[in-house]
Amino acid sequence: MPTSATIAAHVLDLASHFNNVGASRAEDTSAGRFNVWGNSFAAEHLPSAGSQVVVDGVPFQLPPLGTGTPDNVRCDGQFVRVAPGRYDWLYLLASAERRVEDEMALHFAHGAVDFEPLRVSDFWAAPATFGETRAFESPLMHYPHHVQFGVPAAMWCQRVPVVRRADLTAVRLPHNIAVHVFAATLVGPVEEANR
Amino acid sequence: MTATAITTEGAEPAVRPGATESADRAGRRPVQALRRPLLWYRDPLSCLQTTFAAVVDAAGGDPLEVLGAGWEFRHLPGDVRTEEFYHPSRHPEDLGRSIAPHHHVRSRWTTPAADRDPLSELADEIAAGRLPIAAVDNFHLPFRPAYHDVHAAHLVVVYGVDLARDLVLVSDAQPPAFTGPIRAEDFLAAWGSVNPADDQDAFFSATRIDRRYLRVEIGDSRPLDRDGLRAALRANVDGFTAAPASDGGAWTGLAGLRRYLDEVVAAAAAGDSATVRDVYPFGWSMQAQACLHGELLRTVGVDRDLPCLREAGRAVEAVGHTWSGLRVTAAHGWPAPQAAAESLEHHGARLQQRYQCAVEAVDRAVGRL
């Protein structure tokens with residue numbers, strides 16, 4: 001597994017795409033609405049809003065979790081431009097409203113496009129069905145009117161391969177509102193990313 | 001005849017005809033299953049599969065094999081009910097036979113005799129060695145997250161009745177998972193609830209509970225041998241590829257799937273909220289079934305070193321995972337269905353592709369068994 005010291009990482013800025021509140025605080029659980037039932041992560045059990053974290057050796061910029069403002073991208077085909085460059089993986093901090101298999105479109109210089117699978121496990125009391133790393137977990141679930149012990153909420157670290165040896169320029173997120181992305185980072189070989 | 005009347009919000013008076021006076025009840029020994037029901041859970045499953053799993057396990061069967069051997073698409077127009085345990089039954093009066101078509105599982109909905117204490121009837125069932133599966137309204141169950149908040153039709157396994165202490169022992173594998181006694185008063189309120197329409201849960205409320213319970217009979221639960229597995233998989237594949245029935249009844253197989261998805265998209269475009277809303281409860285039964293079947297094929301593929309079966313299982317699981325997009329889009333979109341029509345069409349097309357690939361993969365695997 002690569003470490004932050006051995007990889008070149010490009011942290012994506014997703015803020016302009018945030019459109020959902022996935023984490024709430026215990027004093028205002030109804031502020032969150034990750035799923036159709038109004039369940040949300042307990043922000044008290046997640047890293048601080050806006051902090052930098054490292055998962056699987058990859059740095060991520062966390063969103064404003066628990067502030068009542070949108071903190072994730074509920075995927076609906078958003079087009080995200082990236083700093084053009086050679087990358088090996090797109091790492092995501094993501095979770096899903098029920099387990100999901102879908103795909104992303106990776107756009108490269110000169111017009112090439114590859115579709116790659118994105119698989120994300122359920123956030124609601126579920127295992128890592130697709131072999132993800134359990135990045136963060138709130139051991140309890142926020143409901144609109146109460147805090148529920150015994151139902152954990154998981155945020156997964158998943159990755160999508162960038163197999164084409166060409167400059168990546170943008171990614172299109174899945175057309176699937178069951179998938180939520182909290183943070184994303186592209187990683188690649190040092191010699192490629194530092195060109 | 002004596003009766004105990006209990007009134008709780010959202011429930012009809014929980015009259016217990018035939019309930020004995022407390023002095024008599026005090027002398028009644030509790031009735032309880034010989035062992036605690038298995039809590040068997042997978043995240044795509046509803047209470048339908050998890051409660052049957054406990055009953056299958058208690059009878060010595062393997063829940064994954066018994067509940068995972070069948071795989072089909074079946075839609076019964078006009079039949080979808082707003083219950084967590086809705087399933088489009090192949091055998092209308094026999095839910096167990098419908099969800100476990102390749103094993104001897106039978107069930108029928110029952111309601112207690114009008115002149116008896118309903119809890120006594122459940123106690124008799126347990127004393128006879130059966131585990132009744134009771135329909136309940138989550139609103140009245142203290143261990144459910146929806147307690148005194150949201151009405152929703154759910155299932156629990158009843159594994160004991162203590163008339164002397166007014167307790168009912170229930171088991172529920174759905175998170176947060178619970179096994180233990182609750183007050184008879186709470187159980188009766190949940191069991192007798194009218195489960196009124198609830199704005200917080202349009203998918204599983206507004207269906208009466210009416211003190212229904214499933215009496216389940218499990219027959220021979222020996223594992224399927226290679227011939228048995230081959231026959232089961234062949235029957236499943238044939239069900240998908242058969243020509244659609246012309247009798248106007250069930251929509252089955254790949255043709256039925258196409259017809260169903262076309263209907264959902266057309267309904268959304270026409271502003272038909274109810275049809276779009278029903279995708280969520282209906283799709284749960286199809287999603288759970290696909291995930292269980294896929295897991296079974298992968299498991300058997302490991303046990304018997306059959307890579308083709310593992311691959312087929314994974315293809316079937318992908319069907320289950322693709323249901324999420326359709327279900328969640330419908331769940332969020334049903335109040336304004338026209339805005340969701342395009343997304344529903346997208347997910348429907350993807351789902352058809354996944355079913356087609358999975359049926360072909362299982363067909364290939366059958367040929368190599």
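When reading the values below, keep in mind they use all heavy atoms of this one structure, side chains included, and skip hydrogens, waters and symmetry mates. Order of the sequence lines fixes the chain letters, A, B, ..., with proteins taken first and strands second; residue numbering starts at 1 for each chain.
Contacts of A:Thr129 with chain B are made by side-chain atoms alone, with heavy-atom separations under 4.5 Å and no backbone atom involved. In this structure, chain A has no heavy atom under 4.5 Å from any part of B:Trp334. No part of A:Arg33 comes within reach of chain B, as not one of its non-hydrogen atoms sits under 4.5 angstrom from that chain.
The local environment of CD in B:Glu65 is crowded, with over 12 non-hydrogen atoms from other residues, nucleotides or ligands closer than 6.0 Å. Counting non-hydrogen atoms of other residues, nucleotides and ligands closer than 6.0 Å to CZ of A:Phe79 gives a total above 12. By the neighbour-count criterion of 12 heavy atoms within 6.0 Å, atom CZ of A:Arg164 is densely surrounded, having more than that number from other residues, nucleotides or ligands. Within a 6.0 Å sphere centred on CZ of A:Arg81, heavy atoms belonging to other residues, nucleotides or ligands number 12 at most. Within a 6.0 Å sphere centred on CG of B:Asp199, other residues, nucleotides and ligands contribute 12 heavy atoms or fewer.
Between B:Arg314 and A:Glu101 there is a salt bridge, with a side-chain nitrogen of the basic residue lying less than 4.0 Å from a carboxylate oxygen of the acidic one.
The choice from B:Thr322, B:Val150, B:Thr329 that makes the most heavy-atom pairs within less than 4.5 Å of chain A is B:Thr329.
Residues of residues 169-179 of chain A lying under 4.5 angstrom from chain B, judged on non-hydrogen atoms, are A:His175, A:Asn176, A:Ile177, A:Ala178 by number.
Side-chain contact between B:Gln174 and A:Val151: absent, with no pair of heavy atoms (C-beta onward) separated by less than 4.5 Å. Between B:Pro145 and A:His146, some side-chain heavy-atom pair lies under the 4.5 Å cut-off. Side-chain contact between B:Cys291 and A:Arg99 is present, with heavy atoms from C-beta onward closer than 4.5 Å.
At least one test fails for A:Arg98 against the ring of B:Trp323: distance under 6.0 Å to the centre or angle within 45° of the axis.
Across B:Asp43 and A:Pro127, no two heavy atoms sit closer than the pair OD1-CD, 3.4 Å.
Note: A:Tyr143 OH to B:Tyr147 OH = 16.0 Å, rounded to the nearest 0.5 Å. Rounded to the nearest 0.5 Å, atoms CG (A:Asp122) and OG (B:Ser324) are 7.5 Å apart.
In this structure, B:His321 and A:Phe130 have perpendicular ring planes: the angle between them is above 60°, well past the 30° mark.
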